[in-house]
Number of protein chains: 2
Amino acid sequence: MARPPLSPEAVEQFRQRLCELAMERIAEHGYDGLSLRGLTQALGCSYATPYRYFRDKQDIFAAVRALAYDRFAAAIEHAADGMGDPEARVYALTAAYVRFAQTAPHAYKLICELGLPGRDEHPEYWPKERRSWEIWVGEIQSAVDSGLLVGDPVEVAHVFWASVHGAVSLHLGRKLVLGVDVDTLVSSITRSLLFAYQPRRSPQ
Amino acid sequence: MARPPLSPEAVEQFRQRLCELAMERIAEHGYDGLSLRGLTQALGCSYATPYRYFRDKQDIFAAVRALAYDRFAAAIEHAADGMGDPEARVYALTAAYVRFAQTAPHAYKLICELGLPGRDEHPEYWPKERRSWEIWVGEIQSAVDSGLLVGDPVEVAHVFWASVHGAVSLHLGRKLVLGVDVDTLVSSITRSLLFAYQPRRSPQ
DNA sequence: CCGTTAATTAATCACCGTCAATGAAAATGT
DNA sequence: ACATTTTCATTGACGGTGATTAATTAACGG
């Protein structure tokens, strides 16, 4: 005999919409550059409305981070599905990494670029960060198992990750010199590293 | 017959001290996270004092950026001086890059990590950014000229830069998995890329 | 209409950049 | 020694914006 509470779907929909916009604004104007007032204005609601869906601003940040982590993991998890050739799998993995950073630069910056505060205080995201890393190192592990690469999988995974991330980072920061695009750069990096870590008779 | 103005050295000293602190705070709390009030409080002076040494807040940002760029260029410019072996020169270059990021992480973040000021809005720093890049690509050019590496120097320089920057970026962001340190990671990367771009009989 | 919930508005408190007014400091001329 | 003059630095105030909460209004189902 009263107005019914919002359906859980409606709640989730609002949270999703807010997180999406918040993610963009954080990636563009930095962690401290997000204001509830500007956010709600762009969202078309009053600046007190989010307090029905989130405890406070910190809670919004937490939700945004969770969203970004989940998307990143999903983007690279099935990148190499259906590919039999080990080399093609590695190329697909690094290409998927770049594609994610290009199609969702805000999410990528949020994860790998901006050093978000609360990283040490909020350990609830350690598992999500760890999962992404395990997907990545697992793919490198398969490449080693298949005989495509040699070396300690963790070390090789770090080298690949650092190099690809570096290219993506420079691209997002507009540091790449004119005429160089990130796709060919990552392709060159992948090819070079595949060559460097290939199995050979006489170790270097 | 009056109180003499501050000596240029004293002025420069204050500006230096302020820029140093501002650099730290910008790297930690972001470009917009710097407040004159907190800055001056940590500096031990009143919040109006900086207006004797800088026009406004924008002017402070300009000085901080100039300082960071100059230090970076100086750090890598003479990294390979006195080394005759081309391979040793490349190792010295990447090692100097990492050492700068470790000893002056705030300056490094300001230059390569936080892309906030934007070289489109503030074109006065494009020359400084360009100079650093020219030092880097010049060193790679020498390696190509000496026969250590083959390929387009600009492309090779990008690959080396992206990879080393990626390792440094992950290190500063505390993303490296426990047990992996950035020095050995960059060493591995340098070794791998030197191997990948070495001259060989049968091109890949 | 009533009760309940959602959403908006108003209000509180804190902080920031900037500048005018004010006080302190220091060297010179007497 | 003292007053004067120029410069330095602090304080206080203003206009603006931020987060957050209390009070108010609108929306909906019985």
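Order of the sequence lines fixes the chain letters, A, B, ..., with proteins taken first and strands second; residue numbering starts at 1 for each chain. Only this structure's heavy atoms are used, side chains among them; waters, hydrogens and symmetry mates stay out.
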Are the ring centres of B:Tyr97 and B:Trp136 closer than 6.0 Å?
yes
Of all the nucleotides listed ([options]), which has the minimum atom distance to the side chain of [X]?
X	options	answer
A:Arg37	D:dG29, D:dT20, D:dT11	D:dT20
A:Ser35	D:dG12, D:dA19, D:dT20	D:dA19
A:Pro5	C:dA6, C:dA7, D:dA19	C:dA6
B:Arg52	D:dG12, D:dT7, D:dA9	D:dA9
B:Ala48	C:dA10, D:dA19, D:dT10	D:dT10
A:Cys45	C:dT8, D:dT20, C:dG17	C:dT8

Rounded to the nearest Å, what distance is computed from the [atom1] atom of residue [X] to the [atom2] atom of nucleotide [N]?
X	N	atom1	atom2	value
A:His29	D:dT17	NE2	P	15 Å
A:Arg17	C:dA7	CZ	P	11 Å
A:Leu39	D:dT20	CG	P	12 Å
B:Arg55	C:dG17	CZ	C1'	14 Å
B:Leu34	C:dC15	CG	P	16 Å
B:Phe61	C:dC16	CZ	P	13 Å
B:Tyr31	C:dG17	OH	P	12 Å
B:Asp32	D:dG18	CG	P	11 Å

DNA chain D: B:Ser46 or B:Leu6, which has the more 5' nearest nucleotide?
B:Leu6
Looking at C:dG17, does its base get a donor-acceptor pair with the side chain of B:Tyr51 below 3.5 Å?
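Counting by modelled atom types and ignoring angles, no donor-acceptor contact under 3.5 Å is found here.
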Scan B:Tyr53 against the nucleic acid and name what it touches under 4.0 Å (heavy atoms): base, sugar-phosphate only, or nothing.
sugar-phosphate
Classify the nucleic acid contact of A:Phe14 as base, sugar-phosphate or nothing, counting any heavy atom under 4.0 Å across all strands shown.
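Result for A:Phe14 = nothing.
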Quick test of your reading of the model: are A:Lys109 and A:Glu28 salt-bridged, counting only N-O distances below 4.0 Å?
no
Taking B:Arg17 first and then B:Glu24, would you say they form a salt bridge - that is, a charged N and a carboxylate O separated by under 4.0 Å?
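No, no charged N to carboxylate O under 4.0 Å.
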Does B:Thr49 have a side-chain nitrogen or oxygen under 4.0 Å from the phosphate oxygens OP1 or OP2 of D:dT10?
yes
How about B:Ile60 and B:Cys19: do any of their side-chain heavy atoms sit closer than 4.5 Å?
no
What I'd like to find out is whether the side chain of B:His158 reaches to under 4.5 Å of the side chain of B:Trp133, using heavy atoms alone.
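Yes, their side chains come closer than 4.5 Å.
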